[in-house]
Amino acid sequence: MQNSSGTDLTPEKRVENVITEGRACVRIIEAADLLLSRNPVWTEKLLLRLVRSLYTHRLRGLVAALPAEITSEILAASEKALGPVRGFSNN
């Protein structure tokens, strides 16, 4: 059973959670890049750059701390590897 702090997680569940978090970071970075490419208004551009910077920093921290086999599973979340999110494309 897991308590609210997550300290009772099995090692396998912890790995699964970190992969899920890392993949989410990859998707957020790619989504921000896509939206920035569409010439948003300056306030959106500012916020998107902030979000991209935050999650790039977070992803780099994860990648630096994890073994290569877990890192490769995280980076497999790239749209190039898995295709667009929920059928959304750049068209």
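Only a predicted model underlies this, so the values are computations on that prediction, with no experimental measurement involved.
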Cluster question for you: counting only ILVMFWY and a side-chain heavy-atom cut-off of under 4.5 Å, with indirect links fine, are L48 and L34 together?
no
Quick test of your reading: applying salt bridge (charged side-chain N to carboxylate O under 4.0 Å, His left out), list the pairs with at least one residue in residues 48-67, sequence neighbours left out, ordered by first then second residue.
E21-R58, D33-R52
Do the side chains of L59 and L36 join up, straight or via other hydrophobic residues, at under 4.5 Å, putting them in one cluster?
no
Applying salt bridge (charged side-chain N to carboxylate O under 4.0 Å, His left out) to E73 and not counting sequence neighbours gives none
Rounded to the nearest 0.5 Å, the NZ atom of K13 sits from the CG atom of D8 at a distance of 13.5 Å
Considering all heavy atoms, the nearest I74-L66 contact
CD1-CD1, 3.6 Å
Test of understanding: clusters of I, L, V, M, F, W, Y form through side-chain heavy atoms closer than 4.5 Å, transitively. Do L54 and L62 belong to the same one?
yes
When every non-hydrogen atom of Y55 is compared with those of I28, the smallest separation belongs to CD1-CG2, 3.7 Å
Look at the side-chain heavy atoms of Ile, Leu, Val, Met, Phe, Trp and Tyr, link any pair under 4.5 Å apart, and say whether V26 and L35 land in one connected group.
no
